[in-house]
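These notes concern the structure reproduced below.
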Amino acid sequence: MPTKEFRKTFKDTLDSLHMSICELTLKKNDEFYKLLRSYYSFIHSRTQTLFLLVQNDCLWDADIILRPIAECTVKFAYVSSFDETTRIEKVREFWVDLAEINRLKQSNQAKQIIELTNIDSAFLTDIVLNENDQILLAEKWTKQMRQRKEQPWSYNEMIKTISVNYDFREILGLARNFTQSSHLIHADETALGVILDRENNRTEAQKEALMNLHEVRLLSDCIALYFWLVKVSSRLSDIDVNPELIKKINNFENSKLEFKSLEKLSE
């Protein structure tokens, strides 16, 4: 597996990025910044889990965890990419509109389960809206209205918006994280094929090389996501990214070069 030094470089770089993001998102305490901190808390906790999985060679599981990390990073950048007035509206959409839509969906699903199975479950019953709330939300959030509200918050639509609002084309690369994790989450033929190929069709040397490259990609993706968070947060504060932080990122990128030779071995 990759050297202890590479993992240490990852941890040191991530810690520096973490401190920078915390500092930048604590500058204000309005609802917008509170949402950013909630997003980042989710991202950082999941990243710690991903690193634990990587250290225990659970690389496919770590790939699954990468999806919500990437998706929440996109949400962070998405709400930040608008002007101040629109940002306030996006915060309201997230906490109010999308929450109401989800409550309506969950209530409908719970009612359907209860009707089909006759399950006597307090958990399901608690999810079901009372008749008055059900009527009000159903009238407010028709299927057409739900789609209109939810569509801009879909992963690919958020990425498109960010790339336009920020002229931030490199974020389009985040679509790869989402696709890779989706195969594993859905256990489709692509996911099963890749896993079986590594387990059954590779020599020990090839298998080790593939695991090395897999780990390097996972940790590198995390660093890239955190660096995007720093750049987004810095732009909000209208300040330049700390040159020392950029130097750390470059050092981390340089530390990956030694694993390039493994690509030929894994073929």
Side-chain angles (χ1 to χ4, degrees), residues 9-28 32-51 54 62-83 86-87 90-91 94 152-182 216-256:
T9 302
F10 164 78
K11 189 67 168 58
D12 290 345
T13 307
L14 193 79
D15 286 347
S16 296
L17 289 163
H18 171 63
M19 293 301 295
S20 180
I21 296 166
C22 288
E23 180 182 347
L24 289 165
T25 54
L26 282 170
K27 288 187 174 295
K28 295 181 181 179
F32 168 67
Y33 273 89
K34 287 178 182 177
L35 178 57
L36 292 190
R37 290 196 290 272
S38 294
Y39 283 152
Y40 181 62
S41 177
F42 179 91
I43 292 165
H44 193 59
S45 294
R46 302 293 77 71
T47 304
Q48 300 306 304
T49 300
L50 181 146
F51 191 42
V54 164
D63 237 323
I64 291 172
I65 296 294
L66 187 62
R67 172 168 164 167
I69 294 172
E71 186 156 0
C72 200
T73 299
V74 168
K75 283 188 171 76
F76 186 109
Y78 174 70
V79 298
S80 302
S81 70
F82 298 96
D83 58 56
T86 309
R87 288 202 297 262
K90 288 297 175 182
V91 172
F94 182 80
W153 286 87
S154 69
Y155 189 82
N156 288 329
E157 286 300 317
M158 286 191 292
I159 287 179
K160 289 177 187 176
T161 300
I162 294 163
S163 68
V164 172
N165 288 357
Y166 270 157
D167 191 23
F168 197 20
R169 303 295 176 183
E170 62 192 273
I171 206 165
L172 293 170
L174 283 173
R176 179 177 62 83
N177 304 102
F178 194 82
T179 301
Q180 175 77 2
S181 294
S182 292
V216 169
R217 177 182 62 77
L218 286 166
L219 300 186
S220 298
D221 282 354
C222 287
I223 293 298
L225 292 170
Y226 271 61
F227 191 35
W228 282 325
L229 290 173
V230 167
K231 288 192 284 187
V232 169
S233 301
S234 296
R235 184 171 295 197
L236 285 171
S237 301
D238 196 24
I239 62 174
D240 294 329
V241 177
N242 188 321
E244 288 300 314
L245 191 57
I246 295 176
K247 185 177 178 181
K248 277 209 171 227
I249 299 292
N250 291 334
N251 288 339
F252 175 80
E253 290 297 316
N254 290 335
S255 72
K256 292 173 10 184

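Starting from 1, each residue takes its place in the sequence as its number.
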Decide yes or no for Ser80 and Leu36: does some side-chain heavy atom of the first lie under 4.5 Å from some side-chain heavy atom of the second? yes
Answer whether the closest heavy-atom distance between the side chains of Leu219 and Lys11 falls below 4.5 Å. no
Where is the tightest heavy-atom contact between [X] and [Y], given as atom of each residue plus distance?
X      : Y      : value
Leu50  : Ala62  : CD1-O, 3.3 Å
Met158 : Pro152 : CG-O, 3.3 Å
Tyr40  : Cys22  : CE2-SG, 4.0 Å
Val230 : Leu24  : O-CD1, 3.9 Å
Leu66  : Leu218 : CD2-CD2, 4.2 Å

Please round to the nearest 0.5 Å and tell me the distance separating atom [atom1] of [X] and atom [atom2] of [Y].
X      : Y      : atom1 : atom2 : value
Thr13  : Ile249 : OG1   : CD1   : 6.0 Å
Phe32  : Thr25  : CZ    : OG1   : 10.0 Å
Asn165 : Tyr78  : CG    : OH    : 8.5 Å
Tyr166 : Arg235 : OH    : CZ    : 6.0 Å
Leu17  : Tyr226 : CG    : OH    : 8.5 Å
Ser220 : Phe252 : OG    : CZ    : 4.0 Å

Under the ring pair (Phe, Tyr, Trp, His ring centres under 6.0 Å) criterion, do Phe76 and Trp228 qualify, and how do the steps go? CA-CA 10 Å; Phe76 186 109; Trp228 282 325; over 10 Å; no
Kindly say whether [Y] contributes a backbone atom to a donor-acceptor pair with the side chain of [X] at under 3.5 angstrom?
X     : Y     : answer
Arg87 : Val79 : no
Ser45 : Ser41 : yes
Ser20 : Ser16 : no
Arg46 : Ile65 : no

Compile the donor-acceptor pairs under 3.5 Å between side chains in residues 237-246 and protein atoms, sequence neighbours left out, one pair per line.
{"from": "Ser237", "atom 1": "OG", "to": "Ser233", "atom 2": "O", "distance (Å)": "3.4"}
{"from": "Asn242", "atom 1": "OD1", "to": "Glu244", "atom 2": "N", "distance (Å)": "2.8"}

Check whether the ring centres of Tyr39 and Phe94 lie less than 6.0 Å apart, and answer yes or no. yes
